[in-house]
Asker: 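Encoded as structure tokens, here's the structure I'll be asking about.
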Amino acid sequence: EILNRLKILVEKGQAEVLTGGYYEPILSAISDADKFGQIKKLSDYIKGKFLHTPYGMWLAERVWEPSLAKTLNEAGVEYIVLDDSHFLAGGIEEKKLRGYFITEEQGAALKIFPISQYLRYSMPFAPPEETIKYLKSEASDDPSQLLIMADDGEKFGLWPDTYKTCYEEKWLEKFLTLLEENSDWINVMTFSEYLEKFPARDRIYLPATSYFEMSEWTLSAKSQVEFEEIVAHADSSIKRFLKGGFWRNFLTKYSESNQMHKKMLYVSEKINNVAAEQGSAQKSKALALPLQFLYKAQCNCAYWHGIFGGLYLPHLRHAIYKNLIEAEVKSEVGSPKSEVKVLDFDKDGQDEIILANKIFNIYTKPSYGGAITEIDFKPLCYNLTDVLTRRFEAYHKKVDIAVMKSESKKPEVIHGAYYTKELELQKYLKYDWYNRYSLIDHFFHPTTTLEKFSDCEYGELGDFVNQSYKSEATVRKSKVVLRRDGHLWTVNGALPVQIVKSVSSSKSDIIVGYEITNNSSKELEIWFGSEFNFAFSNPDDENCFYKMENRKEKFNAKTCFEKTSLLKISDKNLNLNLNLTSSDLFDFWVFPIWTISLSEGGFEKTYQGSSVTPNKKFFLKPKETFSFEIKISVNKIRPL
């Protein structure tokens with residue numbers, strides 16, 4: 001109904017629809033082929049729905065890089081809108097931002113309109129009269145004098161308290177009425193109307209940036225704290241030149257963001273390679289379905305984190321992976337074959353190894369503890385190990401001053417206070433010193449307890465957790481062998497210990513083999529654990545549990561299953577059974593991974609998944625080896 005009413009406004013010339021990436025990707029972060037595909041998909045929809053050809057574009061999160069000018073020009077885009085902070089950072093005075101500018105890349109031109117920060121901040125958060133007063137102060141006899149308001153639709157009803165402001169308190173109706181009452185001196189028009197009437201103000205070349213807040217969020221937590229302190233004490237004449245990082249910094253700030261991003265590029269390349277092998281008639285048919293899933297997986301929301309949950313929200317990450325795995329599966333021609341790929345997958349200068357077959361994709365990272373960074377279970381298109389690492393964030397310094405927000409009565413806004421959905425969240429602020437991967441090799445200090453381990457405040461005697469392993473991939477046997485000659489810190493100093501571990505897959509099982517060898521001349525008492533982190537769905541649901549014999553525990557449990565060779569895990573929300581079987585008796589430590597993040601609704605505690613660590617104490621004589629195997633069996637739960 002709304003779109004049909006909008007169509008009438010478009011036909012009358014009262015509204016203009018902008019194109020963009022169909023699934024709201026950060027365009028600079030996807031391949032050129034996918035840029036064109038995303039824009040074409042939305043432009044075609046607009047043409048079909050509104051009988052209107054869009055020439056302007058909304059750039060997701062206003063993430064701008066200069067190279068985009070050429071790509072957008074070639075995609076048929078004539079103009080875009082960006083924040084005025086982009087222009088201010090480039091040295092343009094605020095008073096001169098009253099029209100549009102032209103930039104180019106390799107001679108391909110693009111027109112850029114600057115969004116007024118004042119209007120973006122005041123609408124709908126200041127009384128309507130204040131916005132009219134500001135427009136009055138900017139009024140001029142020059143008919144080309146332009147001020148632009150363009151922003152997310154969510155702020156008009158979806159963000160906290162904005163429904164009450166816009167509709168119950170009638171902000172929107174009052175504002176539109178004031179525009180009508182002042183129409184003798186306020187002229188409203190579409191971008192295309194303005195382009196027809198007035199020339200560009202000047203040529204401009206903008207730096208790679210986004211809106212100001214994004215430049216803060218992309219910084220490392222420590223740098224963000226320092227940057228916010230500088231900004232807080234800077235006046236407007238200085239602040240305009242202050243700029244933090246830009247969007248791609250999220251790929252270095254969060255390894256999980258980079259893993260998703262590089263998998264997205266990897267899957268995109270696979271799909272396009274399949275297309276290249278097909279004839280032209282077969283190409284569109286072969287591409288259509290996998291591209292649909294790939295484009296969905298390029299939605300920007302889960303790849304970054306600011307004041308919105310983004311990366312911290314598991315359901316967003318899971319949706320990205322589901323579509324990526326679906327795209328990959330749909331692009332495979334015929335029955336998928338077992339294969340082993342050695343490549344620098346995450347672009348850090350070190351090779352990773354991918355084991356792939358009909359059931360799993362298993363990503364191993366030799367340079368980081370020989371860990372498993374991802375396990376895709378293809379029958380459910382689910383990444384079993386999509387667990388976020390617990391990190392310090394700049395806003396964590398404010399958790400202890402957060403106050404509950406009453407539903408019945410809005411409390412007074414206290415400067416420096418933040419809202420929270422649950423009190424005493426500071427007790428969940430625990431930080432990991434290693435990434436929450438799987439197949440992580442621990443040598444525990446004798447004083448280690450489950451409590452200390454879960455808080456990541458325990459003693460680690462080995463140098464294996466995040467250190468480099470040598471690797472070899474056996475293509476014929478579809479196996480990865482990882483080896484490290486490390487050390488164990490003891491009262492006798494650092495003594496040499498070797499770990500050789502292998503990863504392979506058979507049917508619905510992942511088989512991990514271990515050989516731990518004491519290469520010293522002394523007997524060693526060893527307490528070893530191999531940690532896995534699994535992305536389960538719900539810590540409090542009765543249908544999500546661990547089971548050993550007759551004992552059941554929900555995923556919110558921090559507990560130990562003692563001296564067992566089988567731990568059964570069931571997650572009926574995911575339609576998944578996962579069993580861990582060991583060739584020897586182990587204690588299985590389990591605990592939930594909680595993070596504290598800030599969203600538009602306040603601080604919130606989020607379940608990211610659970611740590612599962614089979615561990616065992618044993619003695620090794622000089623040159624003696626302890627060998628064992630852990631089998632991970634994964635199956636879909638059959639419906640009754």
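From a predicted model like this one, the values you see are computed outputs, not experimental measurements.
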Asker: Have Glu104 and Tyr205 got a donor and an acceptor in their side chains that come within less than 3.5 Å?
Answerer: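 On atom types as modelled, these side chains qualify, holding a pair under 3.5 Å.
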
Asker: Distance only, no hydrogens: is a donor on one side chain within 3.5 Å (strictly under) of an acceptor on the other, for Arg248 and Ser257?
Answerer: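 There is no such pair (donor and acceptor under 3.5 Å, judged by atom type) between the side chains of Arg248 and Ser257.
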
Asker: Measuring only between side-chain heavy atoms, which start at C-beta, is Tyr434 closer than 4.5 Å to Glu531?
Answerer: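 With C-beta onward as the side chain, the pair touches.
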
Asker: Please answer whether the main-chain N or O of Thr447 pairs with a side-chain N or O of His445 as donor and acceptor at a distance below 3.5 Å.
Answerer: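 Such a contact is found between His445 side chain and Thr447 backbone.
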
Asker: Verify the distance criterion only: is there a donor paired with an acceptor across the side chains of Tyr266 and His261 at less than 3.5 Å?
Answerer: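 There is no such pair (donor and acceptor under 3.5 Å, judged by atom type) between the side chains of Tyr266 and His261.
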
Asker: Once side chain to side chain donor-acceptor pair (under 3.5 Å) is applied, do any residues pair with Glu226, and if so which ones, sequence neighbours excluded?
Answerer: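 With neighbours one apart ignored, the set is Lys222.
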
Asker: Could you tell me whether the side chains of Thr71 and Asn73 share a donor-acceptor contact shorter than 3.5 Å?
Answerer: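 Side-chain D/A pair, Thr71 to Asn73: absent.
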
Asker: Can you see whether Ser220 engages Ser223 through a side-chain donor-acceptor pair at a distance of less than 3.5 angstrom?
Answerer: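 Note: Ser220 and Ser223 side chains meet the donor-acceptor criterion.
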
Asker: Tell me if a side-chain donor or acceptor on Gln38 pairs with a main-chain N or O of Tyr23 at a distance below 3.5 Å.
Answerer: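 Side chain of Gln38 to backbone of Tyr23: a pair is present.
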
Asker: My understanding is that only residues two or more places apart in sequence, or in another chain, count here; which of them pass salt bridge (charged side-chain N to carboxylate O under 4.0 Å, His left out) with Glu94?
Answerer: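 With neighbours one apart ignored, the set is Arg98.
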
Asker: Is a side-chain N or O of Thr449 found less than 3.5 angstrom from the main chain of Lys452, in a donor-acceptor match?
Answerer: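 Side chain of Thr449 to backbone of Lys452: a pair is present.
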
Asker: Using the salt bridge (charged side-chain N to carboxylate O under 4.0 Å, His left out) criterion, which residues pair with Lys174? Sequence neighbours excluded.
Answerer: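 None.
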
Asker: Hey, does the side chain of Glu352 reach the backbone of Phe345 with a donor-acceptor pair shorter than 3.5 angstrom?
Answerer: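 Side chain of Glu352 to backbone of Phe345: a pair is present.
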
Asker: Going by the side chain to side chain donor-acceptor pair (under 3.5 Å) test, name the single residue among Arg62, Glu61, Glu216, His86 that passes it with Tyr211.
Answerer: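 Looking at Arg62, Glu61, Glu216, His86, the match for Tyr211 under the side chain to side chain donor-acceptor pair (under 3.5 Å) is Glu61.
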
Asker: Just checking, any donor-acceptor pair under 3.5 angstrom between side chains of Asp142 and Ser140?
Answerer: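 No pair is found: no donor N or O on one side chain lies under 3.5 Å from an acceptor on the other.
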
Asker: Donor-acceptor pair, Asn435 side chain versus Tyr437 backbone, under 3.5 Å?
Answerer: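 Answer holds: no.
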
Asker: Dump the intermediate steps for side chain to side chain contact (heavy atoms under 4.5 Å, CB included) on Leu27 and Leu68, then the final yes or no.
Answerer: CA-CA 8 Å; Leu27 282 182; Leu68 283 173; 4.1 Å; yes

Asker: Run the side chain to side chain contact (heavy atoms under 4.5 Å, CB included) test against Asn258 and tell me which residues pass, sequence neighbours left out.
Answerer: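 Side chain to side chain contact (heavy atoms under 4.5 Å, CB included) check on Asn258 returns Leu251, Lys262, Asp346.
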
Asker: Who are the salt bridge (charged side-chain N to carboxylate O under 4.0 Å, His left out) partners of Glu604, not counting sequence neighbours?
Answerer: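 Glu604: salt bridge (charged side-chain N to carboxylate O under 4.0 Å, His left out) contacts with Lys421.
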
Asker: Does Lys155 have more than 12 heavy atoms from other residues, nucleotides or ligands lying within 6.0 Å of its NZ?
Answerer: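 Above 12, so yes.
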
Asker: Under a 3.5 Å threshold, yes or no: a donor from one side chain and an acceptor from the other, between Ser85 and Asp83?
Answerer: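 Side chains of Ser85 and Asp83: no pair found under 3.5 Å.
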
Asker: Could you report the tightest heavy-atom contact between Thr613 and Phe453, atom names first, then the distance?
Answerer: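 Closest approach of Thr613 to Phe453: OG1-CE2, 3.5 Å.
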
Asker: For Cys299 and Ile320, which heavy atoms make the closest approach, and how far apart are they?
Answerer: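 For Cys299 versus Ile320, the nearest heavy atoms are O-CD1, 3.6 Å.
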
Asker: Is it true that the side chains of Asp34 and Ser268 contain a donor and an acceptor less than 3.5 Å apart?
Answerer: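 Yes.
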
Asker: With no hydrogens and no angle check, just 3.5 Å: does a side-chain donor-acceptor pair link Gln350 and Asp344?
Answerer: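 No, no side-chain donor-acceptor contact under 3.5 Å.
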
Asker: Lys558 and Ser454: side-chain donor and acceptor closer than 3.5 Å?
Answerer: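 Looking only at side-chain atoms, Ser454 and Lys558 do form a donor-acceptor pair, the distance falling under 3.5 Å.
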
Asker: Give a yes-or-no answer on whether the side chains of Thr19 and Tyr22 include a donor-acceptor pair shorter than 3.5 Å.
Answerer: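 No, no side-chain donor-acceptor pair sits under 3.5 Å.
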
Asker: Might you work through the side chain to side chain contact (heavy atoms under 4.5 Å, CB included) test for Glu451 and Tyr458, ending with a clear yes or no?
Answerer: CA-CA 9 Å; Glu451 187 70 28; Tyr458 69 101; over 6 Å; no

Asker: Listing request: all side chain to side chain donor-acceptor pair (under 3.5 Å) pairs with a residue in residues 300-317, at least two apart in sequence or in separate chains.
Answerer: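 Residue pairs with at least one partner in residues 300-317: Asn300-Trp304, His305-Tyr395, Tyr312-Glu393, Arg317-Asp386, Arg317-Gln608.
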
Asker: Looking only at side chains, do Lys263 and Tyr321 share a donor and an acceptor under 3.5 Å apart?
Answerer: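 The criterion, which ignores hydrogens and geometry beyond distance, is not satisfied for Tyr321 and Lys263.
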
Asker: Check step by step if side chain to side chain contact (heavy atoms under 4.5 Å, CB included) holds for Ile26 and Leu59.
Answerer: CA-CA 8 Å; Ile26 300 296; Leu59 196 61; over 6 Å; no

Asker: Answer yes or no on whether Lys111 is positioned over the face of Phe191, meaning its NZ or CZ is under 6.0 Å from the six-membered ring centre and within 45° of the axis.
Answerer: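 The answer is no, since Lys111 fails at least one limit relative to Phe191.
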
Asker: Taking Asp540's backbone N and O only, do any of them form a donor-acceptor pair with Asn538's side chain (distance below 3.5 Å, no angle check)?
Answerer: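 Flag set: sc Asn538 to bb Asp540 pair under 3.5 Å.
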
Asker: Could you walk me through whether Leu82 and Ile115 pass side chain to side chain contact (heavy atoms under 4.5 Å, CB included), step by step?
Answerer: CA-CA 6 Å; Leu82 294 176; Ile115 303 169; 5.9 Å; no

